[in-house]
Protein chains: 2
Amino acid sequence: MRRAAQPPVLDSVGIHRALEQLHGVVRAKGLKNSEVRDAVARVALAYDGHFTVEDLVKTLRETGTVEAHPATVYRIVPLLVEAGLLQETMVSAGEGHRYERAFERDHHDHLICTSCGKVVEFEFEAIEVLQRNIAEQFGFFLTGHVHELFGLCSRCAPKGGAR
Amino acid sequence: MRRAAQPPVLDSVGIHRALEQLHGVVRAKGLKNSEVRDAVARVALAYDGHFTVEDLVKTLRETGTVEAHPATVYRIVPLLVEAGLLQETMVSAGEGHRYERAFERDHHDHLICTSCGKVVEFEFEAIEVLQRNIAEQFGFFLTGHVHELFGLCSRCAPKGGAR
DNA sequence: TTCTTTGCAAACCTTTTGCAACGGA
DNA sequence: TCCGTTGCAAAAGGTTTGCAAAGAA
């Protein structure tokens, strides 16, 4: 296993590729492009780490050239997920759905410190293989999974025994 | 790997053991026992499969000798989880937290058909071992995890190619 | 008696929806 | 022009909380 790749910064060329992918999906669904949607996508793609819809609205208001109403962002995000730009993540992390960039990132899962909130992203192909084995054994066609580990990180765990 | 143990029926003796465990936790926390809480615990322990707080309230109203207000059950369930009688489960299954019995059940994870909702519970020690390895590698003390696989079951998946 | 538990209603919060105005193709 | 998109406000749905009454130790 290994820690997932570094802070996944997507440069402007990458963002451009992502928007093209989005526009392809939009076209394929018979929808129309929109400036607001692209702005939301840009902010989401550039976001460092995990975020909620509220986070996007806030960031857009603070740094963007375009604003978007929360209801609008709630409508846009599922499309960005469908287009493969984002993915839902840390499903079990309390209130509010969380997302992170999926576009041009390797798949990874999360190890979360329940005390300080620290998150380690890891890739472990062996587990992915076993998951496929399980699905196969039960006759399932595997389409996705949620795999989150909880614990105490080295700073939060009591050292050298009970405390 | 294997499918998790059969429908985990807990007989009256088992329920009694569970209630004793609950009472121990209650005492340890300086709380008091209550008839309503025990009734909720009984219904939850006897529940076949996964359930929401609403399900408990409904079952209690229909079959129980004691009723409980939803707000009360919302207050009780976390204690039952803490006491090890229940565990949260299928975190990603849309609205509403879901629970299932944890008392005297082996640990298992879920394989869920996103089309018909069928759920297969499986145990796979190899994955548990790998999870512990991951936690160790990153210096975490592992306390729990969420592991859910999504896919299409054999009835729902298109047979022999695309359709 | 003292402190916890319960029911009830109201508050909360995130997310969804109806609708009229706006905008892209 | 013809729809899809957006903003706004209201609704929805699950969960929490304040408070007074009821119950356990």
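Naming convention: chains lettered A, B, ... in sequence-line order (proteins, then strands); numbering from 1 in each chain.
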Check whether any side-chain nitrogen or oxygen of H97(B) sits under 4.0 Å from OP1 or OP2 of dG14(D), and answer yes or no. no
Given dT14(C), is OP1 or OP2 found less than 4.0 Å from the side-chain N or O atoms of T52(A)?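 Looking at the OP1 and OP2 atoms of dT14(C), neither is under 4.0 Å from any side-chain N or O of T52(A).
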Shortest side-chain distance from [X], nucleotide among [options]:
X	options	result
V36(B)	dT6(C), dT15(D), dG24(C)	dT6(C)
K32(B)	dT6(C), dG23(D), dG7(D)	dG23(D)
A68(B)	dG4(D), dG7(C), dT4(C)	dG7(C)
Y74(A)	dT4(C), dT16(C), dT16(D)	dT16(C)
I76(B)	dC3(C), dG4(D), dT6(C)	dT6(C)

Toward the 5' end of DNA chain D, by each residue's nearest nucleotide, D38(A) or N33(B): D38(A)
Reckon R37(A) touches a base, only the sugar-phosphate, or nothing at all at heavy-atom distances under 4.0 Å?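 Contact class for R37(A): sugar-phosphate only.
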Which is true for S34(A) with a 4.0 Å heavy-atom rule: it touches a base, it touches only sugar-phosphate, or it touches nothing? sugar-phosphate
Ring centres of H147(B) and H107(B) under 6.0 Å apart? no
Please evaluate the base of dG7(D) for a donor-acceptor partner in the side chain of R75(A) within a cut-off of under 3.5 Å?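 Indeed there is one.
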NE2 of H69(B) versus C1' of dT16(D): gap in Å, rounded? 12 Å
